[in-house]
Amino acid sequence: MNEWKARGLRYWQGRTSREQWISGSLAVMVLLAVLVFRVWLPAQRARERLQTRLPVLLQQLAQMQQDALQMDHLRHALARDPSGGDWSKQLTASAAAHGLTLQNMQSVDAQEASFSMDGVDFNRWLIWLASLQHDDHVFVSACQIVRQTNGVHVQATVRRGA
């Protein structure tokens, strides 16, 4: 490596100052051309694309944030009814949203309700319970599950959590 460096230095020193100046100027121009065509122009094109897409992306972000707030509002609608209102309708609607039908629905008090279901797909029922716990802060306080030929029979009591 040092031999190549020494050979290059001898070559450079063997040139006249005018040749050195022309060679140096040419090297600078080539370097500038490479920088312009390989770095600056692609960066400029990307910047222009981003400038045209940014308003659309910001609008999409605002819509997503609005949708997230609405989902959060809907998710906690059941748990936010502290008035002691008839939340059996809310439970029935929540079950229907998961493809389930509540039978013998009774509100025990403002915080507790009981119901039964026949011929329920067990996995679907578990998904609904997980949704109730996570989204609506409703927990099972008592439950009896009996296997049937077409699913399971469920007798459950649920309670609102804080």
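This is a predicted model, so every value here is computed, not measured. Start at 1 with the first residue, then count along the sequence.
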Report yes if the side chains of [X] and [Y] come closer than 4.5 Å at any heavy-atom pair, otherwise no.
X   : Y    : result
F37 : P42  : no
H98 : S131 : yes
Q66 : Q70  : no

Has [X] got more than 12 heavy atoms of other residues, nucleotides or ligands less than 6.0 Å from its [atom1]?
X   : atom1 : result
W21 : CH2   : no
R15 : CZ    : yes
Q59 : CD    : no

Could you pull out the closest heavy-atom pair between [X] and [Y], with the gap in Å?
X    : Y    : answer
W125 : C143 : CH2-SG, 3.5 Å
W128 : L91  : CZ2-O, 3.9 Å
A95  : L102 : CB-CG, 3.8 Å
R159 : E112 : NE-OE2, 3.8 Å

Notebook entry, point to check: Could you walk me through whether V120 and R124 pass the side-chain contact (heavy atoms from CB on, under 4.5 Å) check?
Noted result: CA-CA 8 Å; V120 176; R124 185 175 290 193; 5.6 Å; no
Report the distance from atom [atom1] of [X] to atom [atom2] of [Y], rounding to the nearest 0.5 Å.
X    : Y    : atom1 : atom2 : answer
S107 : Q90  : OG    : CD    : 9.5 Å
S116 : M105 : OG    : CE    : 10.5 Å
R53  : Q60  : CZ    : CD    : 8.0 Å
F122 : I127 : CZ    : CD1   : 11.0 Å

Should [X] and [Y] be counted in the same cluster of Ile, Leu, Val, Met, Phe, Trp and Tyr side chains packed under 4.5 Å apart?
X    : Y    : value
L126 : V158 : yes
V39  : L31  : yes
L32  : L41  : no

Next item on the list: For side-chain contact (heavy atoms from CB on, under 4.5 Å), just list the numbers for L132 and S94, CA-CA rounded to whole Å, side-chain angles, deciding distance to a tenth of an Å, and then say yes or no.
Entry: CA-CA 8 Å; L132 283 178; S94 174; 3.8 Å; yes
Please tabulate, one pair per line, all N/O donor-acceptor pairs under 3.5 Å involving side-chain atoms of residues 144-157, not counting sequence neighbours.
unit_1: Q148; atom_1: OE1; unit_2: G119; atom_2: N; d: 3.0
unit_1: Q148; atom_1: NE2; unit_2: D118; atom_2: OD1; d: 3.3
unit_1: H153; atom_1: ND1; unit_2: M117; atom_2: O; d: 3.2
unit_1: H153; atom_1: ND1; unit_2: D118; atom_2: OD1; d: 2.4
unit_1: Q155; atom_1: NE2; unit_2: F115; atom_2: O; d: 3.4

Notebook entry, point to check: Does E19 use its side chain to pair, donor to acceptor, with the backbone of T16 at less than 3.5 Å?
Noted result: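 Yes, because the side chain of E19 sits within donor-acceptor range (under 3.5 Å) of the backbone of T16.
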Note to self: Is it the case that the side chain of T52 and the backbone of R49 share a donor-acceptor pair, with hydrogens and angles ignored and the cut-off at 3.5 Å?
What the structure shows: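 Flag set: sc T52 to bb R49 pair under 3.5 Å.
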Notebook entry, point to check: Considering residues at least two apart in sequence or located in another chain, which fulfil the side chain to side chain donor-acceptor pair (under 3.5 Å) criterion with E3?
Noted result: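 Result, side chain to side chain donor-acceptor pair (under 3.5 Å) vs E3: R7.
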